[in-house]
There are 2 protein chains.
Amino acid sequence: MPAHHHDNSDLTKNQALVYDTLNAADGPLSAYTILDQLREAGFRAPLQVYRALERLQALGLVHRLESLNAFVACSHPSCEEDGTVAFAICETCGRVFEFTDAELKSRLGAWAKTTGFRPQKTTIEMRGICAECKAA
Amino acid sequence: MPAHHHDNSDLTKNQALVYDTLNAADGPLSAYTILDQLREAGFRAPLQVYRALERLQALGLVHRLESLNAFVACSHPSCEEDGTVAFAICETCGRVFEFTDAELKSRLGAWAKTTGFRPQKTTIEMRGICAECKAA
DNA sequence: TTACGCAATGTAATGATATTACATATCAAG
DNA sequence: CTTGATATGTAATATCATTACATTGCGTAA
């Protein structure tokens with residue numbers, strides 16, 4: 001089985017519950033918000049959420065937004081193959097726009113190459129106002 | 001006393017204490033670490049640190065590293081004029097390398113322009129291993 | 001089949017980071 | 001001197017994340 005192309009059958013019960021919760025949300029959720037939404041499904045402790053999130057991130061199905069301490073389902077197929085993803089986060093409506101840019105990736109790679117730095121995980125997040133909220 | 005940027009005479013007592021603490025450190029510090037280092041100077045509560053950091057960030061003298069929940073003194077003159085700064089953070093030695101790249105900035109600006117997103121604050125952080133630690 | 005090993009899960013406690021609310025102090029302008 | 005704005009002091013609380021340890025479920029080798 002290739003490393004990408006997961007469906008929910010690859011996931012344990014808790015992982016699937018957390019993943020479904022993130023997919024159903026229209027914006028990023030904190031770990032504790034996920035926990036609250038899964039109380040009825042039997043979740044009792046933050047660790048259950050954090051453990052599931054850890055695995056989902058490793059699979060590339062979920063991203064952590066560092067500037068929000070929150071999590072979103074990946075909206076881009078095969079994220080685990082790319083590695084460098086950027087986010088635009090609207091301060092007004094809370095929506096998150098995920099995108100990639102080869103040149104962005106390549107500039108960071110170039111800096112790393114000239115300095116000898118070996119990047120393992122890259123975070124790119126723009127906070128601001130989305131087009132819709134700007135218009136409103 | 002740091003020679004570039006503003007000098008400390010622009011800062012209040014608490015702001016100067018926090019700024020000096022960050023400048024004396026050879027890596028990022030958490031707010032609570034700063035608090036501990038300033039107990040003898042009279043600091044008693046986290047808020048004293050967070051308030052000073054807020055102002056120092058607004059002045060461009062200090063950056064917040066979102067992926068670490070920690071803070072560093074700016075190592076690049078006139079950061080407040082640039083706005084988009086990138087960081088490489090070594091997982092092994094903890095050192096932080098600050099850099100800018102016009103093309104990086106321009107690619108993010110281009111994405112923003114085509115989508116109508118108005119960015120207010122941009123975070124770019126690479127976590128990895130620096131050249132020295134790789135060699136060792 | 002039992003026994004073992006291993007990954008996932010359950011649970012409690014604690015640690016780490018950040019903010020709210022309200023009181024007091026300082027100081028320059030009127 | 002009084003007023004208003006900014007800075008500061010302090011306590012309490014909110015929010016985010018991890019450590020430690022017990023238990024369960026399940027595939028597999030003996």
Side-chain angles (χ1 to χ4, degrees), chain A residues 1 6 8-22 25 27-59 61-72 89 91 94 96 121 123 125 127, chain B residues 6 8-22 25 27-59 61-72 89 91 94 121 123 125 127:
Chain A
M1 166 107 133
H6 302 271
N8 285 10
S9 61
D10 292 328
L11 303 176
T12 66
K13 180 167 167 270
N14 285 2
Q15 288 158 16
L17 285 166
V18 168
Y19 187 43
D20 290 348
T21 301
L22 282 172
L29 299 179
S30 78
Y32 278 74
T33 301
I34 295 169
L35 175 59
D36 286 342
Q37 295 196 11
L38 290 176
R39 296 255 183 222
E40 296 192 354
F43 274 44
R44 309 294 310 279
L47 189 50
Q48 296 175 288
V49 177
Y50 283 110
R51 284 203 275 229
L53 287 170
E54 186 176 18
R55 179 102 169 88
L56 291 167
Q57 288 176 260
L59 293 172
L61 296 175
V62 161
H63 299 293
R64 175 187 174 84
L65 300 172
E66 299 288 355
S67 69
L68 293 178
N69 294 331
F71 304 84
V72 281
I89 301 164
E91 305 277 14
V96 172
K121 181 167 194 307
T123 297
E125 296 175 18
R127 306 278 297 265
Chain B
H6 305 270
N8 285 10
S9 61
D10 291 331
L11 304 175
T12 66
K13 179 164 167 272
N14 285 1
Q15 289 158 16
L17 285 167
V18 168
Y19 187 43
D20 290 348
T21 300
L22 281 173
L29 300 179
S30 77
Y32 278 75
T33 301
I34 295 168
L35 175 58
D36 286 341
Q37 295 196 14
L38 290 175
R39 296 253 182 223
E40 295 193 354
F43 274 45
R44 308 295 309 279
L47 190 50
Q48 295 175 290
V49 177
Y50 284 110
R51 284 204 276 230
L53 287 171
E54 185 176 19
R55 180 104 170 85
L56 292 167
Q57 288 176 260
L59 292 172
L61 297 176
V62 162
H63 299 294
R64 176 187 175 82
L65 299 173
E66 299 287 356
S67 69
L68 293 179
N69 295 331
F71 304 85
V72 281
I89 301 164
E91 305 276 14
K121 181 165 193 309
T123 297
E125 296 175 18
R127 306 278 296 264

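In what follows, chains are A, B, ... by sequence order, proteins preceding strands, each numbered from 1.
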Could you tell me how far apart B:D10 (CG) and D:dT6 (C1') are, to the nearest whole angstrom? 16 Å
Test of understanding: with side chain to side chain donor-acceptor pair (under 3.5 Å), list the residues that count as partners of A:Q37, not counting sequence neighbours. none
OP1 or OP2 of C:dA8 sitting under 4.0 Å from any side-chain N/O of A:T12? no
In this structure, how many angstroms lie between the P atom of C:dT24 and the CZ atom of B:R44, rounded? 17 Å
Below the 4.0 Å mark, does C:dT20 have OP1 or OP2 next to a side-chain nitrogen or oxygen of B:R51? no
Presence of B:Y32 side-chain N/O under 4.0 Å of C:dT17 phosphate oxygens OP1/OP2: no
Return the value, rounded to whole Å, for the distance between atom CG of A:L35 and atom C1' of C:dG10. 13 Å
Think A:N69 has a side-chain N or O under 4.0 angstrom from the OP1 or OP2 of D:dA17? yes
Heavy-atom check, side chain of A:F43 versus side chain of A:N14, under 4.5 Å: yes
Sidechain N-carboxylate O distance under 4.0 Å for B:E66, B:R64: yes
Could you grab the distance from atom CG of A:L65 to atom CG of A:L29, nearest 0.5 Å is fine? 10.5 Å
Taking only the side-chain nitrogens and oxygens of B:Q48, find out if one of them lies under 4.0 Å from OP1 or OP2 of D:dG9. yes
